[in-house]
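None of these values were measured; they are calculated from a predicted model.
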Amino acid sequence: MTFLNPVRNITFDAHDPYAVARFWAALTGYALGDAAPGDEEVQLDPAQQGAPGLLFLRVPDDKKVKNRVHLDVQPPSGTRDAEVERLRTLGATVLDDLRTPDGLGWVVMADIEGNEFCVERSAVERGLA
């Protein structure tokens, strides 16, 4: 039996959909397509059948509380710590560092508009790559 993921998109509210989409495109490698600054919505295409896209919609209201849903990011190569530093250079901030001395744990980060996500150990660190 083939499983078809029913989730088409994961949607983010944003003041600047293009800027937030550019951040997530750099994080995920998803294609930005023909989006342009000022667009009301921007779609990122995963280019992988069955994987959900990321959709960014312009909203006027500010983010006020912690996300009720967030993404857990597992770098496909390198290390979790290197990915945290790479994401900092893209404008992400560390909200909580839950790494442990034995190398386990994760880092809670926020994108350029404050949407939380976690960076876990990489596939390599988990022995999956």
Side-chain angles (χ1 to χ4, degrees):
M1 178 170 85
T2 302
F3 174 76
L4 175 63
N5 182 351
V7 178
R8 180 169 172 245
N9 290 310
I10 300 168
T11 304
F12 292 72
D13 291 345
H15 286 294
D16 185 344
Y18 182 77
V20 179
R22 281 180 44 131
F23 171 86
W24 283 94
L27 188 154
T28 62
Y30 283 18
L32 190 57
D34 61 358
D39 285 353
E40 292 296 309
E41 65 180 57
V42 176
Q43 173 82 39
L44 294 183
D45 179 10
Q48 181 179 0
Q49 187 173 353
L54 299 179
L55 178 62
F56 302 86
L57 302 175
R58 185 177 309 281
V59 297
D61 47 313
D62 292 330
K63 180 180 178 305
K64 295 183 182 179
V65 297
K66 182 182 181 298
N67 295 1
R68 298 269 320 247
V69 175
H70 69 269
L71 302 181
D72 289 340
V73 174
Q74 175 183 273
S77 62
T79 67
R80 173 200 54 218
D81 298 347
E83 184 68 357
V84 166
E85 292 311 310
R86 183 180 81 86
L87 297 173
R88 281 183 171 174
T89 67
L90 296 174
T93 56
V94 172
L95 300 178
D96 200 2
D97 190 336
L98 299 167
R99 292 176 275 197
T100 60
D102 61 1
L104 300 176
W106 60 92
V107 178
V108 181
M109 300 187 81
D111 71 15
I112 62 172
E113 284 199 8
N115 299 300
E116 296 98 0
F117 62 96
C118 293
V119 180
E120 300 179 345
R121 291 183 305 145
S122 72
V124 171
E125 291 170 304
R126 292 173 181 268
L128 303 174

Any donor-acceptor pair under 3.5 Å from Arg80 side chain to Val107 backbone: no
Check whether Val119 and Leu104 end up in the same hydrophobic cluster, where Ile, Leu, Val, Met, Phe, Trp and Tyr are linked by side-chain heavy atoms less than 4.5 Å apart. no
Which atom of Glu113 lies closest to which atom of Asp13, heavy atoms considered: OE1-O, 4.3 Å
Can we say Arg88 and Glu85 salt-bridge, meaning some charged N sits less than 4.0 Å from an Asp/Glu carboxylate O? yes
Students often mix this up, so state it plainly: with edges at 30° and 60°, are the rings of Phe56 and Phe12 parallel, tilted or perpendicular? parallel
Please tell me whether Thr100 and Asp102 have a donor and an acceptor in their side chains that are separated by less than 3.5 angstrom. yes
Same cluster for Val69 and Leu54 if Ile/Leu/Val/Met/Phe/Trp/Tyr side chains link at under 4.5 Å? no
With no hydrogens and no angle check, is any side-chain donor or acceptor of Lys66 less than 3.5 Å from a backbone partner on Arg68? no
How many angstroms lie between CG in Asp45 and CG in Asn9, if you round to the nearest 0.5 Å? 9.5 Å
Are Glu41 and Pro17 packed together at the side-chain level, in the sense that at least one heavy-atom pair is separated by less than 4.5 angstrom? no
Smallest separation among heavy atoms of Met109 and Val84, with atom names: CE-O, 3.7 Å
Supply the atom-to-atom distance Leu27 CG to Phe117 CZ, rounded to the nearest 0.5 angstrom. 5.5 Å
Approximate separation, where rounding is to 0.5 Å, of Asn115 CG and Asn67 CG: 5.5 Å
Show the nearest heavy-atom pair for residues Leu95 and Glu116, with the distance to one decimal. CD1-CG, 3.5 Å
What distance separates Arg99 CZ from Arg121 CZ, expressed to the nearest 0.5 Å? 13.0 Å
Are there more than 12 heavy atoms of other residues, nucleotides or ligands under 6.0 Å from atom CG of Asp34? no
Do Leu44 and Leu71 share a hydrophobic cluster, counting only Ile, Leu, Val, Met, Phe, Trp and Tyr and linking them when any side-chain heavy atoms are less than 4.5 Å apart? yes
Identify the heavy atoms of Val42 and Ala35 that sit nearest to each other, and give their distance. CG1-CB, 3.5 Å
According to a hydrophobic-cluster definition based on side-chain heavy atoms being under 4.5 Å apart (Ile, Leu, Val, Met, Phe, Trp, Tyr only), do Ile112 and Leu90 belong together? yes
Which atom names give the shortest non-hydrogen contact between Arg58 and Asp39, and what distance separates them? NH2-O, 3.0 Å
When you compare the side chain of Val108 with that of Cys118, does any pair of heavy atoms fall below 4.5 Å? yes
What one should report as the nearest heavy-atom pair of Arg22 and Leu32 is CG-CD2, 3.6 Å
4.5 Å side-chain heavy-atom contact, Thr79 and Val124: no
Let me check something: do Val20 and Val59 share a hydrophobic cluster, defined by ILVMFWY side-chain heavy atoms less than 4.5 Å apart, either directly or through other members? no
